[in-house]
Amino acid sequence: MSFGRPPTFSTFQVLPPERGSFPLDHYGDCKAAMKEYLQCLKANKNNNGACRHLSKKYLECRMDHATI
């Protein structure tokens, strides 16, 4: 044991979540919403406040189409 260092745990193992921290859009189900959001960002000089409603729509789509 060394002072000043945290103890080592050989049995401690970190496992990633089964579905990830946020579901990805693997099948492109939300591609139209994503493009609409990106066009809004471009039109508003990357001001995401002006496009917040589209961001919400896109994230809701991703949550609705999440696969296990």
Side-chain angles (χ1 to χ4, degrees):
M1 183 166 152
S2 184
F3 292 104
R5 291 173 58 192
T8 56
F9 298 101
S10 60
T11 59
F12 185 72
Q13 184 179 15
V14 178
L15 298 174
E18 288 183 26
R19 295 177 66 189
S21 58
F22 197 86
L24 300 176
D25 187 21
H26 289 293
Y27 303 110
D29 296 324
C30 303
K31 197 169 192 171
M34 176 196 63
K35 285 185 176 184
E36 188 177 7
Y37 173 65
L38 292 175
Q39 286 174 348
C40 180
L41 283 178
K42 190 174 184 178
N44 289 291
K45 300 179 183 174
N46 290 325
N47 179 5
N48 64 346
C51 306
R52 196 165 283 167
H53 63 288
L54 294 173
S55 173
K56 181 180 178 187
K57 178 180 167 185
Y58 172 58
L59 294 174
E60 284 175 347
C61 178
R62 284 178 56 185
M63 291 301 291
D64 292 342
H65 291 93
T67 58
I68 296 176

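Since this is a predicted model, take the numbers as computed values, not measurements. Nothing fancy with the numbering, it's 1 onward along the sequence.
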By side-chain contact (heavy atoms from CB on, under 4.5 Å), which residues pair with Cys30, not counting sequence neighbours? Asp25, Tyr58, Cys61, Arg62, His65
Review item, side-chain donor-acceptor pairs of residues 43-55, under 3.5 Å, at least two apart:
from: Asn44; atom 1: ND2; to: Cys40; atom 2: O; distance (Å): 2.9
from: Asn47; atom 1: OD1; to: Gly49; atom 2: N; distance (Å): 3.1

Output every pair passing salt bridge (charged side-chain N to carboxylate O under 4.0 Å, His left out) with a member in residues 27-36, not counting sequence neighbours, ordered by first then second residue. Glu36-Lys57
